[in-house]
Amino acid sequence: MPEVTDRRKALEALEAQLASTPRASRPYEHAAIAYRLGLAYAESPVGNASDSLRKALACYDVAAAIFDPRSDPVEHARVINAAGAAQRALGDPRRAGGLFAKAAELLDGRERDSERAAALNNLGLARTEVGELEAAVEAFDAAVDLFDTSTAEGRRGRVATLHNRGQAHAAGPGEEGVEAALVDYEEARADLDPDEAPYHHGLVSHSIGVACSTLAAVRPSDRDALLEEAVKAFSESLTVFTRSSFPFQYALAKYNLGLAHAGLGGAMNLRRALACFEDAVATLDTRVHADAWRQAYASLERTEKELESIALDMSRAAHFAALVGGSRRDDRAELIRERLVRLLVLPDPTRGSALTELALASARLGGARGRAFMEAELGALMELPNEHLEIALRARLDAHARLTEAEREEADRALDAAIGEALQGPQRIFVRDFLYSLDWERP
């Protein structure tokens, strides 16, 4: 892990530099190095996080004692703002809030608007955590217009503050707080450049979805429209919160998207919800997020029971196959691609069993829907490594072998037609040759 090694070397270099810089004869240099060392400890991936934060606080204490707030207000403010961040990370938001407030006060009138805005935003977060919501909003109000929006960093800071203010509004009682939160989120979204601030884009979109879902629960007349907006917002957040890059955020967004689909009702929406809950359950680590996993699994079971009243004796794989086969072309491609990627990384024999079960369910769909599934499956597989394509095709043939003779003939015809429709010349030849090598006979 070269990054960890580099961080460790940087820490050691700063520790050596601090030790070789006498506090008595070179106090300001000593303080500056102590501050930098504190930041390095706070951000260090090495060792226990709490221990690193306490080391950071010790360094900040050294720097703050040298940088006098009367003669060095900006430097002192920077140090105590960093100390506040460490205290908040250690679970003491009230102490952190006092440090942030002092930092913001020291920076007032010093032509350091961006730094003061950051301190006020931190203060708002700390006040939100201790339930002082009105005071939190006041801090965010003071911060939001201080950011320099001519810079990318300033624009991101303003968007983050608007989002944080929305969170504080939403934490309050009644519809009014959620409405105010939605106003903040929409303003943040309007200011966002998704390419410049992708994480913020995902976060704001997810929060819009949560706000719309919350309002849907208390506004029966607007319920469906609000849930449809929530579906759009959660789906947008998932363009950023992917399973590989942000697994927990991905699982949370999938879970909330599933709830929105379930709220809309009907077989297709319930199947969409079931697929979302399956993805969330498969992603959450029960060792770290046990409560979230149990909640997602309970929603999965509840949705399965609702579907039983619509379509008896259907497995999860059969519901997913029906979802894909009954969706629009673009939606089919995304659904099957995401599911295949998840299943293909499973260890054997679980992987083979899951792929075969899915292929069997899609083959039994029959007709245009079964063929549509196979077309989407082949299109997705062609984007993956050849070994994944071959594993999935073996599972496909294994599934067809389990069908009755009449079902198998229909499934083979659908597969042959899907190959011709979904693939280009060289791809068709490659896939058919591989299938022939497995003793498949073209119908």
Side-chain angles (χ1 to χ4, degrees), residues 231 234-235 237-239 241-247 249-258 261-262 267-284 293 296-297 299-300 303-304 307 311 314-365 369-385 387-400 411 414-415 418 422:
V231 165
F234 290 133
S235 299
S237 76
L238 285 163
T239 64
F241 296 147
T242 62
R243 189 168 186 262
S244 58
S245 300
F246 301 99
Q249 290 88 338
Y250 167 87
L252 183 61
K254 278 283 183 176
Y255 174 72
N256 286 326
L257 177 59
H261 279 308
M268 284 298 283
N269 276 312
L270 286 172
R271 283 172 174 149
R272 291 186 184 100
L274 186 67
C276 288
F277 295 142
E278 285 185 274
D279 290 337
V281 166
T283 305
L284 288 166
W293 185 91
Y297 193 80
S299 295
L300 187 154
T303 304
E304 277 189 299
L307 280 165
M314 286 183 69
S315 66
R316 293 177 193 170
H319 281 301
F320 183 77
L323 170 63
V324 173
S327 296
R328 297 177 305 170
R329 181 182 292 273
D330 289 347
D331 292 338
R332 287 199 299 268
E334 182 59 33
L335 283 165
I336 194 64
R337 183 186 303 112
E338 189 170 18
R339 183 57 56 99
L340 284 173
V341 167
R342 176 161 70 75
L343 297 182
L344 282 162
V345 298
L346 294 172
D348 269 331
T350 305
R351 174 175 62 185
S353 298
L355 289 168
T356 300
E357 183 185 17
L358 185 58
L360 188 60
S362 66
R364 284 178 171 157
L365 276 178
R369 291 191 172 191
R371 175 176 162 178
F373 184 104
M374 293 182 198
E375 288 179 13
E377 179 184 52
L378 286 166
L381 287 169
M382 296 311 297
E383 299 174 5
L384 300 176
E387 58 266 30
H388 285 171
L389 169 67
E390 293 174 4
I391 289 167
L393 289 175
R394 287 180 187 275
R396 167 63 59 186
L397 293 191
D398 183 17
H400 287 201
L415 176 59

| task | Locate the shortest heavy-atom distance separating Met268 from Ala322; write the atom from each residue and the value. | result | SD-O, 4.4 Å

| Closest approach of Ser237 and Ala253, non-hydrogen atoms and distance? | OG-CB, 3.6 Å

| field | Whether over 12 other heavy atoms sit under 6.0 Å from Arg369 CZ | value | no

| said: With a 4.5 Å cut-off on side-chain heavy atoms, are Glu377 and Arg396 touching? | reply: yes

| remark: Between Leu284 and Ala296, the two heavy atoms sitting closest are CD1-CB, 4.3 Å

| field | Donor on one side chain, acceptor on other, Arg243 and Thr283, under 3.5 Å | value | yes

| task | Determine whether Arg316 and Leu300 make a side-chain contact, defined as any pair of heavy atoms from C-beta on separated by less than 4.5 Å. | result | yes

| message | Nearest 0.5 Å, please: how far is CG in Leu340 from CG in Leu335? | response | 11.0 Å

| request: Look only at the side chain of Trp293 and the backbone of Val281, and say whether a donor-acceptor pair between them is shorter than 3.5 Å. | output: yes

| request: Can you see which heavy atom on Ala411 is nearest to which on Ala363, and at what distance? | output: CB-CB, 4.0 Å

| said: Minimum heavy-atom separation for Ile336 and Ala380, please, with both atom names. | reply: CG2-CB, 4.1 Å

| field | Leu384 side chain reached by Leu389 side chain, heavy atoms, under 4.5 Å | value | no

| note | Distance col, row Tyr250:OH vs Leu257:CG, nearest 0.5 angstrom, shows 10.0 Å

| task | Would you mind reporting whether Glu278 and Arg342 have side-chain heavy atoms less than 4.5 Å apart? | result | yes

| query | With a 4.5 Å heavy-atom cut-off, do His261 and Val231 have their side chains touching? | reply | yes

| message | For the CZ atom of Arg271 and the NE2 atom of His319, what is their distance to the nearest 0.5 Å? | response | 5.5 Å

| Relative to each other, are the rings of Tyr255 and Phe277 parallel, tilted or perpendicular (30° and 60° limits)? | tilted

| With a 4.5 Å limit on heavy-atom distance, are the side chains of Arg272 and Asn269 in contact? | yes

| task | Say whether, by atom type as modelled, one donor and one acceptor occur between the side chain of Asp348 and the main chain of Gly352 under 3.5 angstrom. | result | yes

| request: Output the distance between atom CG (Leu252) and atom CZ (Phe241), rounded to the nearest 0.5 Å. | output: 9.0 Å

| Counting N and O atoms only, with roles assigned by atom type, does the side chain of Arg332 sit under 3.5 Å from a partner on the main chain of Ala376, one being a donor and the other an acceptor? | no

| message | Minimum heavy-atom separation for Ala251 and Ala280, please, with both atom names. | response | O-CB, 3.6 Å

| task | Flag the pair Leu323 / Asp331 as yes when at least one side-chain heavy-atom distance between them is below 4.5 Å, and no otherwise. | result | no

| said: For the residue pair Arg339 and Phe320, would you count it as a cation-pi contact if the rule is NZ or CZ under 6.0 angstrom from the ring centre and within 45 degrees of the ring axis? | reply: yes

| task | To the nearest 0.5 Å, tell me how far Leu274 CG sits from Thr303 OG1. | result | 6.5 Å

| query | Does the side chain of Leu355 reach to within under 4.5 Å of the side chain of Asp398, using non-hydrogen atoms? | reply | no

| What do the steps show when you test Met314 against Leu307 for side-chain contact (heavy atoms from CB on, under 4.5 Å), and what is the final call? | CA-CA 9 Å; Met314 286 183 69; Leu307 280 165; over 6 Å; no

| message | One pair to check against salt bridge (charged side-chain N to carboxylate O under 4.0 Å, His left out): Glu334 and Arg328. What are the steps and the verdict? | response | CA-CA 10 Å; Glu334 182 59 33; Arg328 297 177 305 170; over 6 Å; no

| query | Looking at Arg394 and Glu390, does any basic side-chain N land under 4.0 Å from a carboxylate oxygen? | reply | no

| note | Across all chains, not counting sequence neighbours, the side-chain hydrogen bond (donor to acceptor under 3.5 Å, both in side chains) partners of Thr242 are Ser245

| task | Output yes when a side-chain donor or acceptor of Ser353 lies under 3.5 Å from a complementary backbone atom of Thr350, and no otherwise. | result | no

| note | Between the CZ atom in Arg351 and the CG atom in Leu344, the distance rounded to the nearest 0.5 Å is 6.5 Å

